[in-house]
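In this chain, numbering begins with 1 at the start of the sequence shown.
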Amino acid sequence: MAPVEICHLYISPGHNFVGHHDREPGNHPAIEVSMIECVAGRGLLGDRYFDFKDDYKGQITFFSLEVFDELCGALEVRDCSPALVRRNVITRDVDLNELIDQDFEVQGVRFYGTQECSPCYWMDRAIAPGAEKFLKGRGGLRARILTDGTLRSTARIAETVG
């Protein structure tokens, strides 16, 4: 497998949609970070899914920047961030579906691709009507973290003062 480019990294302290059926979504931001700490079998330090459940299949999630760009074009959405899909790792030039049921490595950290990170009806609200349907079969990848390590993004992130 060719090296995977990480374009953006996100963590969120809480759930906006999980457990919010028939209620308003939460207001926990997806925070862009320059690096994240992966903890084998547990998740990402600082993320809502850290220690969520034993052997949780979505300790980390991946999403394709190319798919996000196609989505925005198809739905004529402008000036939106890939943070809206609420996945942890935004990649470029990798077919994430090919990593389902596979061990793989990114920046020296080992993962096991467990399943597609299927889109849900909340995507229509978070991004635009039609997003859930557009993303069927390409909603990203859920994975288990097999080894500890740090992932780093190529994005330039503005530092906040204060």
CA sep, side-chain torsions, deciding dist, call: Gln102, Glu98, side chain to side chain contact (heavy atoms under 4.5 Å, CB included): CA-CA 8 Å; Gln102 301 293 320; Glu98 287 184 359; over 6 Å; no
Arg142 and Tyr56: CA distance, side-chain angles, deciding distance, side chain to side chain contact (heavy atoms under 4.5 Å, CB included) verdict: CA-CA 10 Å; Arg142 289 181 181 210; Tyr56 184 57; 3.4 Å; yes
Derivation of the side chain to side chain contact (heavy atoms under 4.5 Å, CB included) call for Ile127 and Leu71: CA-CA 9 Å; Ile127 300 169; Leu71 169 70; 3.8 Å; yes
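Side-chain contact between Phe63 and Thr91 is absent, with no heavy-atom pair separated by less than 4.5 Å. Between Leu44 and Ile145 the shortest side-chain heavy-atom distance falls below 4.5 Å. Annotation: side chain of Arg152 is in contact with side chain of Gln107 (closest heavy-atom distance under 4.5 Å). With contacts defined as side-chain heavy-atom distances shorter than 4.5 Å, the pair Val94/Leu99 qualifies. Side-chain contact between Ser12 and Ile31 is absent, with no heavy atoms from C-beta onward closer than 4.5 Å. Looking at heavy atoms from C-beta onward, Ile6 lies out of side-chain contact with Thr154 at the 4.5 angstrom threshold. Side-chain contact between Met123 and Val85 is present, with heavy atoms from C-beta onward closer than 4.5 Å. Counting heavy atoms from C-beta outward, Cys80 and Cys72 have side chains that approach closer than 4.5 Å.
Applying the ring-ring contact (aromatic ring centres under 6.0 Å, His included) rule to pairs touching residues 82-102 yields nothing, sequence neighbours excluded.
With hydrogens and angles ignored, the 3.5 Å screen pairs no side-chain donor or acceptor of Thr61 with any backbone N or O of Leu141. In this structure, Asp47 contributes its side chain and Ile11 its backbone to no donor-acceptor pair below 3.5 Å. Formation of a donor-acceptor pair under 3.5 Å by the Arg144 side chain with backbone atoms of Asp55 is found in this model. Distance alone, capped at 3.5 Å, places no donor-acceptor pair between the Arg86 side chain and the Leu84 backbone. Asp103 contributes no side-chain N or O that, together with a main-chain N or O of Tyr112, makes up a donor-acceptor pair within less than 3.5 Å.
The two atoms that bring Arg92 and Leu65 nearest to each other are NH1-CD2, 3.6 Å, heavy atoms only. Scanning all heavy atoms of the two residues, the minimum distance from Gly108 to Thr147 falls at O-OG1, 4.2 Å. The heavy-atom pair separating Leu9 from Ser34 by the smallest distance is CD1-O, 3.7 Å. Scanning both residues, Ala143 and Gly113, for their nearest heavy atoms gives CB-CA, 4.2 Å. Here the shortest heavy-atom pairing between Cys7 and Ser153 reads O-OG, 3.2 Å.
Rounding to the nearest 0.5 Å places SG of Cys117 at 3.5 Å from CZ of Arg87. In this structure, the separation between CG on Leu146 and CD on Glu105 is 10.5 Å, given to the nearest 0.5 Å. Taking CG from Leu75 and NZ from Lys133, the interatomic distance works out to 11.0 Å, rounded to the nearest 0.5 Å. The line from CG of Asn88 to CD of Gln59 is 11.0 Å long, rounded to the nearest 0.5 Å.
Partners of Phe111 by ring-ring contact (aromatic ring centres under 6.0 Å, His included), not counting sequence neighbours, listed by chain and number: Phe62, Phe104.
Under the 4.5 Å side-chain heavy-atom criterion for grouping Ile, Leu, Val, Met, Phe, Trp and Tyr, Ile100 is connected to Val106 within one hydrophobic cluster.
Between Glu116 and Arg138, no side-chain nitrogen of the basic residue sits less than 4.0 Å from a carboxylate oxygen of the acidic one, so the salt-bridge criterion is not met.
With Tyr10 as reference, Ile90 is the one residue of Ile36, Val33, Val89, Ile90 to meet the side-chain contact (heavy atoms from CB on, under 4.5 Å) rule.
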